Amino acid sequence: MIFLVDCNNFYVSCERLFRPELSNLPVVVLSNNDGCIISRSNEAKKLGIKMGEPLFKAKKIIQENKINVFSSNFELYGEISNRIMKELNHFSSSMEIYSIDEAFLDIDFQDYNLICENIVNQINNIIGIPISVGVGYTKTLSKIAGSIAKKLSRGYFVLDNTVITKNILSKTSVQDIWGLGNRYSNTMINNGIKTADNLVETNRNWILNKFNINVLRTREELRGISCYPISSVSEPRKSIRVSRSFKKDINSYENLEKYISDFAFLASKKLRNENKRTKELSVFIVTNRFRNTSFSNYMGFQKYSFIVSTNSYIEIIRYSILMLRKIFKGGLSYKKAGVMLSNLSLENQYQTSYLSSNQDNKLDDLMEKIDYLNDKYGKNKVLISSQNLYHKSKIDKKRLSPNYLNSWSDMPNINI
DNA sequence: TCTGGGGTCCTAGGACCC
DNA sequence: TCTGGGGTCCTAGGACCC
């Protein structure tokens, strides 16, 4: 059986871990720039706060109900996530970490309810984060079981009986099926397919004609035929992206160049942390899509292919700037920009070229020194000169909680 | 005034080959 | 006037997920 373990209101629960006095009060966590609400406690949900809602639209509800608001502290959430995953691994070696707050586990032991109870208690006792567990024959069914589990106070639900499954599928709307987003479920509803049970009964050729193979797989999964097996070896990622929205629009090329350099540096750092090289680099800049203007929005995008894969900060930044020059248009206000690296390979597995110079070794040494200094003395101690040297950040995080787990100075004090 | 960030996969259609 | 058949590979765009 497949067990889906899902943390309840994960980011909010992480903040509450160190602020237990908030445990029954409404809490929300914001996206970067303190822009949107991306995690809500049950109390906040009940007050009508919607997922992804911009902060300014919810301001009234927040003030009237004294909702506690946090900026996102991804270092903290990542650390707590690691601890949870480590505990879960004790229940099954066949486990797939699906996201920061979710994992699928393959478990053979027959007493599913007992296992669920143990998992919920264990994570609560050892880590202190509330979770819910859904169990089914396939990932898609375990997702449905999980959404039922969230409504039960015991926190778990097992879907192993065909009659009950049929009944539940007939009450599950297509929008609530994992793998069917807005577009697909709307098309289905327009064609009379309203519930998961309707989808199960739908002709396979019609599905392939109207949609694609993944939608057919979803139908098979609903019938209990597994199409998405658990992969316990995590696949190396295929692309790396660093992008940010700016609190205030940027007009000048010089400013934008500094940010692009920063993003390229950060992306290169991620690349180097995974011991990889990149062969392809893309840069994009976009104007503010929410601005109420008569002229249409501009999105500049340019890709560059390296002759030889690289992991050099200097090379990646240099070509990012060259791409930026190609797409920058004066007189516009830019809201967001980013750098992407793709076509990745392992550090020592790449195609060389007759055209490449012999300086590579020297450059590699230099890059390693940069990493060494930044790892030893803290982030941003050594930068490339085109970067945003003085860190006048245009990205807001006004309500950030302390970094309780990853910073000596932020460690909580306990009075005994 | 203020609206996030980071991923994956599939497919149609174009470009190319003999 | 008349102009084949059968492939592969790449990419942009669109869908999805958290």
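Hydrogens, waters and symmetry mates are skipped; everything else that's a heavy atom, side chains included, is used. Within every chain, numbering begins at 1; the chains are lettered A, B, ... in the order of the sequence lines, protein sequences first and strands thereafter. This is a predicted model, so every value here is computed, not measured.
When the side-chain nitrogen and oxygen atoms of A/Arg241 are compared with OP1 and OP2 of B/dG4, none of them lie within a distance under 4.0 Å. Between A/Ser245 and B/dG4 there is a side-chain polar atom (N or O) within less than 4.0 angstrom of OP1 or OP2. Listed pair A/Lys303 / C/dT11 fails the phosphate criterion, with no side-chain N or O lying under 4.0 Å from OP1 or OP2. A sub-4.0 Å separation between OP1 or OP2 of B/dT11 and a side-chain N or O of A/Asn212 is absent. At least one side-chain nitrogen or oxygen of A/Lys143 sits closer than 4.0 Å to the OP1 or OP2 atom of C/dC18. A sub-4.0 Å separation between OP1 or OP2 of B/dG6 and a side-chain N or O of A/Ser243 is present. Phosphate proximity of B/dT8 to A/Ser239: present, with a side-chain N or O under 4.0 Å from OP1 or OP2. Contact check, A/Lys59 against B/dT1: no side-chain N or O comes under 4.0 Å of OP1 or OP2. Taking side-chain N and O atoms only, A/Arg217 has no distance below 4.0 Å to OP1 or OP2 of B/dC9. Taking 4.0 angstrom as the limit, A/Lys335 places a side-chain polar atom (N or O) nearer than this to OP1 or OP2 of B/dT3.
One side chain, A/Thr195 or A/Asn198, offers a donor N or O that lies under 3.5 Å from an acceptor on the other. With 3.5 Å as the limit, one finds no donor-acceptor pair spanning the side chains of A/Ser41 and A/Asn9.
Side-chain contact check for A/Lys45 versus A/Pro26: every heavy-atom pair is 4.5 Å or farther apart.
Here A/Glu235 lies out of heavy-atom contact (under 4.0 Å) with every strand. Within 4.0 Å of A/Tyr98, counting heavy atoms only, lie sugar-phosphate atoms of the nucleic acid but no base atom. Within 4.0 Å (heavy atoms only), A/Ile100 reaches no atom of the nucleic acid at all.
Candidate nucleotides B/dG5, B/dC2, B/dT8 were compared by shortest atom distance to the side chain of A/Lys238, and B/dT8 ranks first. Nearest nucleotide to the A/Lys270 side chain, out of B/dG6, B/dC2, C/dC17: B/dG6. Which of C/dC17, B/dG6, B/dT3 sits closest to the side chain of A/Trp178 comes down to C/dC17. Closest to the A/Asn214 side chain, of the nucleotides C/dC18, B/dT11, B/dC9, is B/dC9. Minimum atom distance to the side chain of A/Arg183 is reached by C/dA15, of the listed C/dC18, B/dT3, C/dA15. Between B/dT3, B/dG5, B/dT11, one nucleotide has an atom nearer to the side chain of A/Asn288 than all others, and that is B/dT3.
One can place OH of A/Tyr228 at 10 Å from P of C/dC17, the figure rounded to the nearest angstrom. Between the CG atom of A/Asn33 and the P atom of B/dT1 there is a distance of 18 Å, given to the nearest Å. Atom-to-atom, CD1 of A/Ile38 to P of B/dG5 comes out at 10 Å; the value is rounded to the nearest Å. Rounded to whole angstrom, the span from the NZ atom of A/Lys398 across to the P atom of B/dC2 amounts to 12 Å. Distance, A/Asn182 CG to C/dC17 P: 9 Å, rounded to whole Å. Rounded to a whole Å, the CD1 atom of A/Ile213 is 12 Å from the C1' atom of B/dC9. One can place CG of A/Leu344 at 15 Å from P of B/dG6, the figure rounded to the nearest angstrom. The CE-P distance, from A/Met340 to B/dG5, rounds to 13 Å in whole Å.
The side-chain tip of A/Arg154 points at the ring of A/Tyr156 from less than 6.0 angstrom away and within 45° of straight on. Cation-pi geometry between A/Lys139 and A/Phe104 is met: under 6.0 angstrom from the ring centre, within 45 degrees of the axis. Judged by the 6.0 Å distance and 45° axis criteria, A/Arg19 is not positioned over the aromatic ring of A/Phe70.
Using P as the reference atom, C/dC18 and B/dT3 are 25 Å apart when rounded to the nearest Å.
If you find the closest nucleotide of DNA chain B to A/Phe74 and to A/Pro236, the one lying nearer the 5' end belongs to A/Phe74.
Salt bridge status for A/Arg83 with A/Glu79: present, with a side-chain N to carboxylate O gap under 4.0 Å.
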